[in-house]
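What follows is a single structure, written as structure tokens, with notes after it.
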Amino acid sequence: MSHTSKATERARCVVHVDLDCFYVQVERKMNPELLKVPCAVVQYNKFQGGGIIALSYEAKARGVRRSMRGNDARVVCPDIRLVTVPTANEKADLTRYRNAGSSVFEVCARHSDLCERTSIDEAYLDITLQARTLLSNMDEFKRRLRLSGVMIGTESNLADSDEFEKEIFWKDSLQPENNDTQDSLLAAGSVIVAEIRAAVKDKTGYTLSAGISHNKMLSKLVSGKNKPNKQTVLSSTKVEKLLSRLPLRDLNGFGGKLGDKLIDKCSIKYVGDLKKYSLMKLAKMAIGSEIVRINSATWMSQACRGICTETVKSRIAAKSISCGKTFRGPTRLRSIDNVKEYIDKLSIELAERLQNAKQKHRQVAKLITVSYHTGSKTVKRKGQEINLTGNISKSRSCRCPATPNAVNISKAVMQVLEKELDSECIRAGVTCLYIGASKLENVRDEATGIDTLLKKVVSASTATSESDSHLYIQKPKQAAKRRTGIEQMFTRPLTPYEPNKKPNRSLQAATRVSNDGGDIQQKEETKPTIHNLFFRAKSKSTKSNSSIRIQNQLTWNQVDQTVFRELPSELQKEVMSSIRSEMPQQATRRKRFKWSQKP
DNA sequence: TACGGTCACACT
DNA sequence: TAGTGTGAC
């Protein structure tokens with residue numbers, strides 16, 4: 001990556017924070033006897049000692065693995081301490097971990113520009129502006145650097161790593177003196193992250209690890225490289241080499257069926273191997289009898305080059321709340337009464353959590369969804385049992401009751417289920433029940449006191465900007481015209497570009513699609529799922545044609561210059577060649593300008 | 001009949 | 001929209 005001042009201006013400092021063996025930390029805080037001994041947190045303990053959901057580093061060192069049951073863990077580590085997750089309403093109750101996580105990310109949110117919680121124990125932070133500010137004052141930088149204990153410019157913590165890792169992962173080994181490098185931004189970021197981690201430790205007692213880099217994908221990739229309780233920096237200069245040797249499945253998004261397919265059918269071993277497929281080849285590439293979708297091809301094409309333009313949002317509250325339970329083996333539910341019994345229990349938990357969301361985040365749900373799995377459906381033909389459908393999984397929704405207490409939720413859910421669960425389903429047995437609340441919207445204050453009225457005014461004037469509040473505020477969604485592939489990646493409507501509105505412009509997130517009213521909606525990055533990467537047999541014939549056809553519709557005027565500039569030169573050439581046939585003269589001028597930045 | 005309980009999100 | 005499926009932890 002070039003170190004032009006333009007690149008430095010655009011560079012972001014994105015952090016991924018990850019709490020170390022979090023459930024264990026929570027249990028240890030409650031019971032210090034568990035400190036420094038091998039221990040694991042298990043869920044339910046009736047079947048083979050329960051399923052392990054968290055492990056201390058001492059237990060990992062003794063050979064215990066997450067895939068083991070509690071009993072297996074005792075075999076390899078006889079003195080392991082097993083702590084059982086509390087239960088409520090006959091199911092595992094994760095409230096204590098959820099709340100502990102919230103306390104951590106509230107601290108993070110107070111200390112960073114943007115904090116986006118992505119799971120019970122992980123979040124992304126964007127500290128670009130803070131890092132830039134720190135970088136602009138070298139004396140201050142050096143003072144805080146000394147206090148933070150961050151080692152700048154030395155290779156450390158890698159004594160046990162192999163030579164390749166030593167070259168790639170430097171723990172905060174960046175040179176901040178040269179203000180014009182992107183690395184200096186990360187160096188300043190390192191100091192800020194160390195301060196945030198110290199604040200979290202101080203306020204909550206929990207330790208976390210962090211990855212610091214220029215985008216979400218890269219920071220997540222390295223946040224676990226020096227666990228526990230350490231942070232790792234990934235310089236942009238090391239990205240290409242790192243990805244060239246990174247096993248494909250290790251990159252976020254490739255860990256599932258997609259990764260398997262690419263490895264099996266295309267002999268791709270490392271992330272970098274994907275680069276040998278051009279964007280167009282990725283789009284047309286056959287994997288078995290299936291074809292990669294073009295919009296996911298663009299995602300892959302960027303990912304294998306270390307490009308990820310997804311922005312960090314400001315949100316620490318969940319967008320949906322759900323709870324459920326599986327009923328394996330003999331516990332499967334075989335009567336509607338039995339189903340109701342558990343829906344009642346789940347409703348108690350959901351109602352409590354909704355109450356909490358209202359108090360804490362002023363959220364109210366609009367939609368209730370129930371989903372269930374049943375066993376196989378079979379019929380008898382000519383005296384033989386024939387399996388018709390295999391397991392069934394379905395979900396149905398209904399409006400959330402105005403007063404979402406347990407009784408009302410259960411009543412609404414059962415109304416749906418009684419229609420849905422026919423005698424055949426009941427005969428097959430229900431193996432899984434989930435209920436959830438979604439479409440969480442920001443509730444208006446209902447009290448009428450003068451202070452509340454004042455608050456209302458304040459919230460109306462400020463709460464529309466996500467960055468002004470750490471609460472997630474649901475914006476009215478508008479149906480965007482869906483665009484795919486290259487068109488989606490490079491086009492933008494004719495609206496003024498606001499360079500300072502966000503720390504960095506996002507590539508696909510910058511794809512703003514005009515709606516009827518001229519409103520703008522941000523289209524987020526396409527996530528690669530096996531579902532959206534491969535055409536299913538039934539839709540193959542029609543959909544593939546429309547996807548591939550997109551390249552012919554692209555014109556130079558639709559190309560987003562800021563997006564184009566960020567692409568590696570080979571991708572730029574590819575895009576150019578795909579539209580060259582209709583290039584107008586004006587475009588030629590632009591083209592020369594662009595090429596001049598990429599020698 | 002044994003990797004559970006949750007989340008987010010893409011796509012149709 | 002509502003429903004289905006994937007992926008991650």
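In what follows, every chain begins at residue 1, and chains take the letters A, B, ... in the order their sequences are listed.
A distance of 6.0 Å or more separates the ring centres of A/Tyr372 and A/Tyr434.
Just one of A/Val193, A/Val14, A/Ile196 meets the side chain to side chain contact (heavy atoms under 4.5 Å, CB included) condition when paired with A/Leu125; it is A/Ile196.
A sub-4.0 Å separation between OP1 or OP2 of C/dA8 and a side-chain N or O of A/Lys220 is absent. Contact between the side-chain N/O atoms of A/Ser320 and the OP1/OP2 oxygens of B/dA8 is found at a separation under 4.0 Å. Put simply, A/Ser397 has no side-chain N or O that comes within less than 4.0 Å of OP1 or OP2 on C/dA2. Residue A/Arg98 places at least one side-chain N or O under 4.0 Å from the OP1 or OP2 atom of B/dC7. Phosphate proximity of B/dC7 to A/Tyr434: absent, as no side-chain N or O sits under 4.0 Å from OP1 or OP2.
Residue contacts shown for A/Gly51 are absent, as no nucleic acid heavy atom lies under 4.0 Å away. Residue-level contact check: A/Ile321 touches the backbone only, with heavy atoms under 4.0 Å from sugar-phosphate atoms and none from bases. Using a 4.0 Å heavy-atom criterion, one finds that A/Glu122 contacts the sugar-phosphate atoms exclusively.
Under the salt bridge (Lys or Arg N to Asp or Glu O under 4.0 Å) criterion, A/Asp344 pairs with A/Lys340, not counting sequence neighbours. A/Lys325 meets the salt bridge (Lys or Arg N to Asp or Glu O under 4.0 Å) test with no other residue; sequence neighbours excluded. Under the side chain to side chain donor-acceptor pair (under 3.5 Å) criterion, A/Asp18 pairs with no residue at all, not counting sequence neighbours.
A/Ile435 has its CD1 atom 13 Å from the P atom of B/dG5, to the nearest Å. Distance, A/Lys319 NZ to B/dA10 P: 9 Å, rounded to whole Å. Between A/Arg399 atom CZ and C/dA2 atom C1' the separation is 15 Å, expressed in whole Å. Atoms CH2 (A/Trp299) and P (C/dT6) sit 16 Å apart, rounded to a whole Å. Look at OH on A/Tyr372: it is 14 Å from C1' on C/dA2, rounded to the nearest Å. Put simply, CG on A/Asp121 is 15 Å from P on C/dA8, counting in whole angstrom units. Taking atom NZ of A/Lys261 as the reference point, atom C1' of C/dT6 lies 13 Å away to the nearest angstrom. Between A/Glu310 atom CD and C/dA8 atom P there is a gap of 13 Å when expressed in whole angstrom units.
Annotation: side chain of A/Leu333 is in contact with side chain of A/Tyr342 (closest heavy-atom distance under 4.5 Å). Looking at heavy atoms from C-beta onward, A/Val64 lies out of side-chain contact with A/Pro38 at the 4.5 angstrom threshold. In this structure, A/Ile368 and A/Leu350 have side chains that are in contact, with non-hydrogen atoms separated by less than 4.5 Å. You'll find the side chain of A/Ile343 reaches within 4.5 Å of the side chain of A/Ser347, heavy atoms only.
Side chains of A/Asp93 and A/Thr87: a donor-acceptor N/O pair is absent below 3.5 angstrom, by distance only. When only modelled atom types and interatomic distance are considered, A/Ser102 and A/Arg117 share a side-chain donor-acceptor pair under 3.5 Å. A donor-acceptor contact closer than 3.5 angstrom is absent between the side chains of A/Tyr97 and A/Gln25. No side-chain N or O of A/Thr204 forms a donor-acceptor pair with one of A/Ser103 less than 3.5 Å apart.
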Can you pull every protein N or O that's under 3.5 Å from an N or O on nucleotides 1-3 of chain B?
residue: B/dT1; atom: O4'; partner: A/Gly329; partner atom: N; Å: 3.4

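The side chain of A/Ile53 has B/dG4 as its nearest neighbour among B/dG4, C/dG5, B/dC7. Nearest nucleotide to the A/Thr326 side chain, out of B/dG4, B/dC7, C/dT1: B/dG4. Considering only the side chain of A/Ser322, B/dT6 comes nearest among C/dA8, C/dT4, B/dT6.
Atom C1' of B/dC9 sits at a distance of 16 Å from the matching atom of C/dT1, rounded to the whole Å. Nucleotides B/dG4 and C/dG7 are separated by 16 Å at their C1' atoms, to the nearest Å. Rounded to a whole angstrom, the distance from the C1' atom of C/dA8 to that of B/dC3 is 13 Å.
Listed by residue number, the members of residues 82-93 of chain A with any heavy atom below 4.0 angstrom from DNA chain B are A/Lys91. Non-hydrogen atoms lying under 4.0 Å from DNA chain B are contributed by A/Glu349, A/Arg353, all within residues 341-355 of chain A.
Along DNA chain C, the nucleotide closest to A/Leu251 and the one closest to A/Lys394 are compared, and the more 5′ of them pairs with A/Lys394.
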